[in-house]
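Accompanying notes for the structure given below.
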Amino acid sequence: MRQQTMALFAGIGAILVIASLVGYALKMFVAKGQPHAVIDNLNARIKAWWVMVLVISGALLFGKDGVIVLFLFISFVALREFMTLTYTRSGDHNALAASFFIVLPAQYFFIYIEWYGLYSIFIPVYAFLILPILEVTAGDTTRFLERAAKMQWGLMVCVFCISHVPALLTLQIPGYEGRNILLIVFLVLVVQSSDVLQYIWGKLFGRHKIAPDVSPSKTLEGLVGGVLSATALGAALWWITPFTVWQAALMALAVNVMGFLGGLVMSAIKRDRGVKDWGHMIEGHGGMLDRLDSVVFAAPVFFHATRYWWAI
């Protein structure tokens, strides 16, 4: 696994170096060093990729502990962004405190001890029931249904769904022992590449908008080109997974489609709140949720498909 991981990250590093050189050349020779919306956005995305690759690489060095701590932190930041943009009142304070300091760490603790029977239902069953109880005891019924639903879905999106990424480490796959970290690399690399490739294909050939009122930049050409390109990338990475080439392609296709749909849903929430980005944490990508919106919907699908077909 060490050799495969080193080879994979060496390849990613080489691609990022090439992308950085291309971005620099575009800035100097096409934009003439002047502000250019598309080129500047592309370069900001490349810089953000460097940061993300370095952070994930650092977490992988510490194995399971490092990965779980990293995604716990990611969930905390994402949940904070989500709750910041939602309508809350003083009657929500107990539920908010429970969400951040009880439910979130408990979910990752259950993953750490590999208690699938609980972490798979803890939030969608128990947290969904307990949070409205905490809110109603405050005696504030103003927009109660809206506030309770936002609290519940904040946990679903930012904690439950995201936690399925480190949960991949708990799967027992015959003949794949000790290599589960590479499943995380496969998922994140394929889904995030799909985002970038959809952007590039859309800028080059985009003509027909898919949902202009939700996400004006998304086009049919970008979707098809990005998803197919990232699916081909997933097929090419079959060697780091327990899948065959065609299985890797189908899994990549599934998570790419779910990633696109997840991006649309998260964009719709932003439009509802009247904001462009979830936050300003990551240069060129807004907040944590702006970067993870596609992973949110793809992770549970990838986890359960892998567990059902390959794990014991």
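Counting from 1, the numbers follow the sequence of the chain as shown.
Two residues are said to be in side-chain contact when any heavy atoms from C-beta on lie closer than 4.5 Å; Cys161 and Phe297 fail this criterion.
Using a distance-only test at 3.5 Å, with no hydrogens or angles considered, no donor-acceptor pair links the side chain of Asp293 to the main chain of Gly262. Of the possible polar contacts, none joining the Asp65 side chain to the Phe62 backbone as a donor-acceptor pair under 3.5 Å is found. Formation of a donor-acceptor pair under 3.5 Å by the Arg273 side chain with backbone atoms of Leu85 is found in this model. A donor-acceptor pair under 3.5 Å is formed between the side chain of Thr244 and the backbone N or O of Gln247.
In this model, no donor atom of one side chain and acceptor atom of the other lie less than 3.5 Å apart for Thr170 and Tyr112. Side chains of Trp50 and Ser20: a donor on one and an acceptor on the other come within 3.5 Å.
With respect to Ser163, the side-chain contact (heavy atoms from CB on, under 4.5 Å) criterion is satisfied by exactly one of Ile111, Ile123, Ile68: Ile111. Of the candidates Lys209, His208, Gln198, Lys203, Glu221 forms a side-chain hydrogen bond (donor to acceptor under 3.5 Å, both in side chains) with just one, namely His208.
Ring pair Trp115/Phe110: centre-to-centre distance below 6.0 Å. With ring centers used as reference points, Trp201 lies under 6.0 Å from Phe205. You'll find the ring centres of Tyr176 and Trp310 outside the 6.0 Å limit.
If you chain together hydrophobic residues whose side chains sit under 4.5 Å apart, Val77 and Val55 fall into the same group. Transitive grouping of hydrophobic side chains (ILVMFWY, heavy atoms separated by less than 4.5 Å) keeps Ile240 and Leu250 in distinct clusters. Ile133 and Phe101 fall into different hydrophobic clusters, where Ile, Leu, Val, Met, Phe, Trp and Tyr side chains are chained together by heavy-atom contacts under 4.5 Å.
When every heavy atom of Thr231 is checked against every heavy atom of Ala252, the shortest pair comes out as CA-CB, 3.9 Å. Here the closest non-hydrogen pair linking Val67 and Pro166 is CG1-CB, 4.0 Å. Scanning both residues, Ala31 and His36, for their nearest heavy atoms gives CB-CB, 3.8 Å. Of all heavy-atom pairs between Thr306 and Leu183, the closest is CG2-CD1, 4.3 Å.
Classified by interplanar angle (parallel below 30°, tilted 30° to 60°, perpendicular above 60°), the ring pair Tyr126/Phe122 is tilted.
Between Glu114 and Lys64 there is a salt bridge, since a side-chain N of the basic residue sits under 4.0 Å from a carboxylate O of the acidic one.
A cation-pi geometry, defined here as NZ or CZ lying under 6.0 Å from the six-membered ring centre and within 45° of its normal, holds between Arg143 and Tyr87. Tyr116 carries Arg307 over the face of its six-membered ring, with the cationic atom under 6.0 Å from the centre and within 45° of the normal.
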